[in-house]
Amino acid sequence: MIGLEFFQNCRYNRAITACRKALLQDPLNAVAWLIIGDSLYKLSRYTEAINAYDNVLQITPKNENAWFHIANAYYQLGQHKVALENVNKALSINLFFSQAWLTKGRILRDLEYYEEAIWCYDRALEIDPTIKGVKKLDCILRLGSYKKIQISSK
């Protein structure tokens with residue numbers, strides 16, 4: 001709980017230290033591993049974060065949050081296809097995970113699958129109409145430009 005408090009107060013290095021101490025008592029503490037992963041992610045230490053999330057998955061393989069966070073870390077590393085695989089695993093566990101649909105939309109947008117990205121954004125908004133960060137208009141504009149380019153090159 002101390003690690004969580006440090007994390008919530010943006011004291012990520014202290015959160016990591018507190019959680020590592022907790023892991024000495026209970027190495028199978030998935031929550032501690034998740035907080036470590038989240039803290040490392042916030043510190044832009046994405047590869048280390050992925051390793052922490054992998055530890056979560058060894059303890060709780062169907063932890064959609066770990067799969068989701070792994071996807072975001074791979075996205076930050078520019079490994080969009082691996083990110084997509086991982087966000088799909090999160091969604092296979094929980095189809096109502098609006099943030100995962102948002103992340104999938106962002107990944108697909110960057111991979112230039114604009115129609116699929118729009119569908120994912122719509123799904124995220126359907127689940128949670130208050131969700132922030134939807135880039136649907138960006139996809140629509142890019143899709144329109146992309147189709148114009150295709151038509152003019154024929």
Side-chain angles (χ1 to χ4, degrees), residues 3-20 22-23 26-143 145-146:
L4 178 59
E5 189 173 322
F6 282 129
F7 178 81
Q8 290 172 336
N9 290 305
C10 303
R11 299 178 74 188
Y12 305 122
N13 285 315
R14 301 277 313 260
I16 293 167
T17 300
C19 287
R20 285 194 174 139
L23 288 168
D26 179 12
L28 299 178
N29 184 335
V31 173
W33 281 115
L34 195 60
I35 294 168
I36 290 171
D38 290 349
S39 297
L40 290 164
Y41 182 90
K42 291 286 189 178
L43 294 168
S44 302
R45 293 164 55 185
Y46 304 118
T47 303
E48 293 172 84
I50 291 166
N51 291 331
Y53 297 132
D54 282 339
N55 285 320
V56 173
L57 293 172
Q58 288 178 12
I59 300 162
T60 56
K62 292 191 181 240
N63 187 314
E64 73 252 28
N65 288 311
W67 289 113
F68 168 71
H69 291 302
I70 288 172
N72 281 309
Y74 277 114
Y75 178 83
Q76 292 299 327
L77 292 169
Q79 296 182 35
H80 292 72
K81 290 185 180 181
V82 179
L84 186 60
E85 291 170 16
N86 284 281
V87 79
N88 283 334
K89 289 177 184 173
L91 289 167
S92 73
I93 297 165
N94 181 0
L95 283 172
F96 298 97
F97 193 166
S98 61
Q99 289 292 328
W101 285 111
L102 182 65
T103 294
K104 184 173 181 174
R106 186 177 60 213
I107 295 165
L108 290 169
R109 180 198 67 211
D110 288 357
L111 291 171
E112 299 182 353
Y113 294 107
Y114 301 121
E115 290 178 19
E116 294 89 342
I118 291 167
W119 190 91
C120 291
Y121 289 142
D122 284 342
R123 183 72 179 120
L125 287 166
E126 181 181 308
I127 295 166
D128 180 3
T130 66
I131 200 165
K132 303 253 189 267
V134 175
K135 305 284 187 193
K136 184 175 172 179
L137 180 60
D138 180 51
C139 287
I140 292 169
L141 294 172
R142 289 183 191 200
L143 180 60
S145 297
Y146 180 73

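For reference, positions follow the sequence shown, starting with 1.
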Practice prompt. Please confirm whether Phe97 and Phe68 have ring centers closer than 6.0 angstrom.
Written response: yes
[X] side, atom [atom1]; [Y] side, atom [atom2] - distance, nearest 0.5 Å:
X: Leu57; Y: Trp67; atom1: CG; atom2: CH2; result: 5.0 Å
X: Thr60; Y: Asn65; atom1: OG1; atom2: CG; result: 9.5 Å
X: Ser98; Y: Ile127; atom1: OG; atom2: CD1; result: 6.0 Å
X: Leu40; Y: His69; atom1: CG; atom2: NE2; result: 12.5 Å
X: Asn13; Y: Arg45; atom1: CG; atom2: CZ; result: 6.5 Å
X: Leu77; Y: Ser44; atom1: CG; atom2: OG; result: 10.0 Å

Is there a donor-acceptor contact under 3.5 Å from the side chain of [X] to the main chain of [Y]?
X: Trp33; Y: Pro27; answer: yes
X: Ser92; Y: Lys89; answer: yes
X: Asn86; Y: Val82; answer: yes
X: Asn9; Y: Arg11; answer: no

Residue pair [X] / [Y]: nearest heavy atoms and the distance that separates them:
X: Ala49; Y: Gly37; answer: CB-O, 3.4 Å
X: Ile36; Y: Ala52; answer: CG2-CB, 4.0 Å
X: Arg14; Y: Phe6; answer: NH2-CZ, 3.5 Å
X: Val56; Y: Ala66; answer: CG1-CB, 3.8 Å
X: Ala117; Y: Gly105; answer: CB-O, 3.3 Å
X: Glu64; Y: Asn94; answer: OE2-ND2, 3.3 Å

Practice prompt. With side chain to side chain contact (heavy atoms under 4.5 Å, CB included) as the test, would you mind laying out the steps for Ile70 and Asp54 before giving the verdict?
Written response: CA-CA 8 Å; Ile70 288 172; Asp54 282 339; 3.6 Å; yes
Do [X] and [Y] touch side chain to side chain, with heavy atoms closer than 4.5 Å?
X: Cys120; Y: Leu102; value: no
X: Phe7; Y: Tyr12; value: yes
X: Glu126; Y: Trp101; value: no
X: Tyr41; Y: Gln76; value: yes

Practice prompt. Please assess Arg123 against Phe96 for the test side chain to side chain contact (heavy atoms under 4.5 Å, CB included), listing each intermediate value before the final yes or no.
Written response: CA-CA 9 Å; Arg123 183 72 179 120; Phe96 298 97; 3.5 Å; yes
Worksheet item: Would you call the rings of Tyr75 and His80 parallel, tilted or perpendicular, where under 30° means parallel and over 60° means perpendicular?
Response: perpendicular
Worksheet item: Are side-chain N/O atoms of Asn72 and Tyr46 paired as donor and acceptor at under 3.5 Å?
Response: no
Item to complete: Report the C-alpha separation of Tyr53 and Asp38 in whole Å, then their side-chain angles, then the decisive distance to 0.1 Å, and conclude whether the side chain to side chain donor-acceptor pair (under 3.5 Å) test is met.
Response: CA-CA 8 Å; Tyr53 297 132; Asp38 290 349; 2.6 Å; yes
Item to complete: Verify side chain to side chain contact (heavy atoms under 4.5 Å, CB included) between Glu115 and Tyr113, making sure each step is shown before the conclusion.
Response: CA-CA 6 Å; Glu115 290 178 19; Tyr113 294 107; over 6 Å; no
Worksheet item: So with a 6.0 Å cut-off around CD of Glu5, is the heavy-atom count from everything else above 12?
Response: no
Item to complete: Output, in order, the C-alpha distance, side-chain angles, deciding distance and verdict of side chain to side chain contact (heavy atoms under 4.5 Å, CB included) for Ile16 and Arg20.
Response: CA-CA 6 Å; Ile16 293 167; Arg20 285 194 174 139; 3.4 Å; yes
